[in-house]
Amino acid sequence: IAYEVAECLIQTSLRGVDSHGIRLLPHYIRIAESGRINKKANCSFNQTSPTSGIYDADHTYGHAAASFGMKEAIKMADNSGSGFVVVKNSTHFSASAYYALQASDQDMIGFSSTSTSSTMVPTRGKKPFLGTNAITFSFPCKGEGPVCLDMATTQIAWNWVLKAKAEGKKLDSSWAINKEGLPTDDPNKAIGLLPAGLHKGYGLGLVVEILCNILANQPYGKNVSDMFDGDLSDKRFLSHFVGAIKISNFIDIELFKNSLKNMITEI
């Protein structure tokens with residue numbers, strides 16, 4: 001478990017996503033000391049079909065839970081062409097790319113997503129309801145690292161607001177919402193975040209909430225506890241949804257990777 005946490009944070013910072021990398025280590029230590037993290041977690045995996053399963057994290061670190069879930073998804077994909085795992089009773093898992101990239105390292109398409117604290121203000125709304133709800137896809141490419149889309153479904157992740165606040169800086173644009181329901185670039189006045197791409201980001205965030213929270217029968221919306229505020233001994237009951245798809249079941253893997261490389265070069 002400790003290895004997965006360390007590996008995720010280091011890889012995330014090395015990829016330049018400092019908001020979700022090493023800077024969060026003090027928080028992860030605090031929640032271990034506070035009791036939120038189950039130090040003697042009894043994690044379990046229940047494979048419900050050749051291509052699906054449920055991973056119960058028993059309140060261990062989300063980094064380990066999602067990584068173990070992805071490893072099971074990869075095994076199923078190798079045997080049956082695809083594998084999808086819902087992870088429940090988990091905690092914050094840092095950067096979503098860490099899990100999707102594991103599938104691409106095995107010549108598969110990787111997918112990962114997660115529920116988070118209520119932060120996104122729905123389109124035409126004034127108060128947060130959905131989380132920032134990261135959604136990630138990863139594809140292996142010839143001669144270089146995978147093509148990876150890792151995005152919050154809000155314009156920015158909440159950790160970027162906290163980073164700007166800690167550094168005494170403004171946000172790059174008015175991507176947050178203040179208590180009057182108006183856009184703001186002041187991290188000190190932010191109470192929520194705008195969806196990415198207006199109503200389209202709201203729709204994507206809703207899809208992630210369904211795939212993670214509803215599918216795992218976990219708390220959703222305003223019922224998801226906060227990461228930093230409140231009692232740090234409270235369990236969070238976060239959920240993730242990860243998956244892997246075996247590319248060679250559709251197309252020769254080398255042809256796929258070469259074609260993707262050609263497209264990237266043209267772009």
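Predicted model, so just to flag it, every value in this text is computed and none were measured.
- Taken together through direct or relayed side-chain contacts under 4.5 Å among Ile, Leu, Val, Met, Phe, Trp and Tyr, I1 and I29 form part of one hydrophobic cluster.
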List the atom pairs, donor and acceptor, that lie under 3.5 Å between side-chain atoms in residues 79-87 and the rest of the protein, sequence neighbours left out.
{"residue": "N79", "atom": "ND2", "partner": "K75", "partner atom": "O", "Å": "3.3"}
{"residue": "S80", "atom": "OG", "partner": "P50", "partner atom": "O", "Å": "3.4"}

Considering only distance and modelled atom types, tabulate donor-acceptor pairs under 3.5 Å from the side chains of residues 133-140, sequence neighbours left out.
{"residue": "N133", "atom": "ND2", "partner": "G205", "partner atom": "O", "Å": "2.9"}
{"residue": "N133", "atom": "ND2", "partner": "E209", "partner atom": "OE1", "Å": "2.6"}
{"residue": "T136", "atom": "OG1", "partner": "S96", "partner atom": "OG", "Å": "2.8"}
{"residue": "T136", "atom": "OG1", "partner": "D150", "partner atom": "OD1", "Å": "2.9"}
{"residue": "S138", "atom": "OG", "partner": "S104", "partner atom": "OG", "Å": "2.7"}

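- Evaluation of the ring pair (Phe, Tyr, Trp, His ring centres under 6.0 Å) rule for F237 yields H59 as partners, not counting sequence neighbours.
- With rounding to the nearest 0.5 angstrom, the OG atom of S115 is 11.0 Å from the CG atom of L211.
- Separating the CD atom in E33 from the CG atom in L232 is a distance of 10.5 Å, to the nearest 0.5 Å.
- The CZ atom of R236 sits 11.5 Å away from atom CD of Q218, with the distance rounded to the nearest 0.5 Å.
- Ion pair E254/K142 flagged as a salt bridge, since at least one NZ, NE, NH1 or NH2 atom sits closer than 4.0 Å to an Asp/Glu carboxylate oxygen.
- Aromatic pair Y99/F93: centroids less than 6.0 angstrom apart.
- Rounding to the nearest 0.5 Å places OG1 of T91 at 8.5 Å from CE of M227.
- Under a cut-off of 6.0 angstrom, the local environment of NZ in K222 is crowded, with over 12 non-hydrogen atoms contributed by other residues, nucleotides or ligands.
- Between the CE atom in M76 and the NZ atom in K71 there is a gap of 13.5 Å [rounded to 0.5 Å].
- Comment: K170 engages D186 in a salt bridge, judged by a side-chain N to carboxylate O separation of less than 4.0 angstrom.
- At a threshold of 4.0 Å, the pair K163-D18 does not count as salt-bridged, since none of the basic side-chain nitrogens sits closer than that to a carboxylate oxygen.
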Exercise. Check the pair T184, S174 against side chain to side chain contact (heavy atoms under 4.5 Å, CB included), reporting the backbone distance first and the verdict last.
Key: CA-CA 4 Å; T184 180; S174 297; 5.7 Å; no

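- A donor atom on one side chain and an acceptor atom on the other are found under 3.5 Å apart for T114 and H240.
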Exercise. Begin from the C-alpha positions of L194 and I177 and carry the test side chain to side chain contact (heavy atoms under 4.5 Å, CB included) through to its verdict.
Key: CA-CA 7 Å; L194 288 169; I177 289 287; 3.6 Å; yes

Atom pairs and distances, side-chain donor-acceptor, residues 7-14, under 3.5 Å, sequence neighbours left out:
{"residue": "T12", "atom": "OG1", "partner": "C8", "partner atom": "O", "Å": "2.6"}
{"residue": "S13", "atom": "OG", "partner": "I22", "partner atom": "N", "Å": "2.9"}

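- Listed for the Y55 side chain is no donor-acceptor partner under 3.5 Å among the backbone atoms of E72.
- There is a path of hydrophobic side-chain contacts, each under 4.5 Å, that joins I253 to M263.
- Heavy-atom neighbours of K165 NZ from other residues, nucleotides or ligands within 6.0 Å: above the threshold of 12.
- Panel note: side chain S90, backbone K88; no donor-acceptor pair is recorded below 3.5 Å.
- A side chain to side chain donor-acceptor pair (under 3.5 Å) with Y98 is found for one member of H63, R15, E4, H20 and no other, namely E4.
- Remark: aromatic rings of Y61 and H92 are distant, center separation not under 6.0 Å.
- Partners of Q155 under the side-chain contact (heavy atoms from CB on, under 4.5 Å) rule, at least two apart in sequence or in another chain, are W175, A196.
- In terms of modelled atom types and a separation under 3.5 Å, the side chain of R36 and the main chain of D234 share a donor-acceptor contact.
- Donor-acceptor pairing under 3.5 Å is recorded for the side chains of D58 and N38.
- Within the model, atoms CD of E167 and CG of L162 stand 11.0 Å from one another, a figure rounded to the nearest 0.5 Å.
- Hydrophobic clustering, with ILVMFWY side chains joined whenever heavy atoms are under 4.5 angstrom apart, groups W158 together with L24.
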Quiz item: Stepwise, does the ring-ring contact (aromatic ring centres under 6.0 Å, His included) test hold for F256 with F250?
Solution: CA-CA 9 Å; F256 176 89; F250 298 90; 9.6 Å; no

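- A side-chain donor-acceptor contact under 3.5 Å links Q102 and S67.
- Around CZ of F45, the count of heavy atoms belonging to other residues, nucleotides or ligands within 6.0 Å exceeds 12.
- Counting only residues at least two apart or on different chains, the salt bridge (charged side-chain N to carboxylate O under 4.0 Å, His left out) pairs with a member in residues 103-118 are D107-K257.
- A donor-acceptor contact shorter than 3.5 Å links the side chain of T116 to the backbone of T132.
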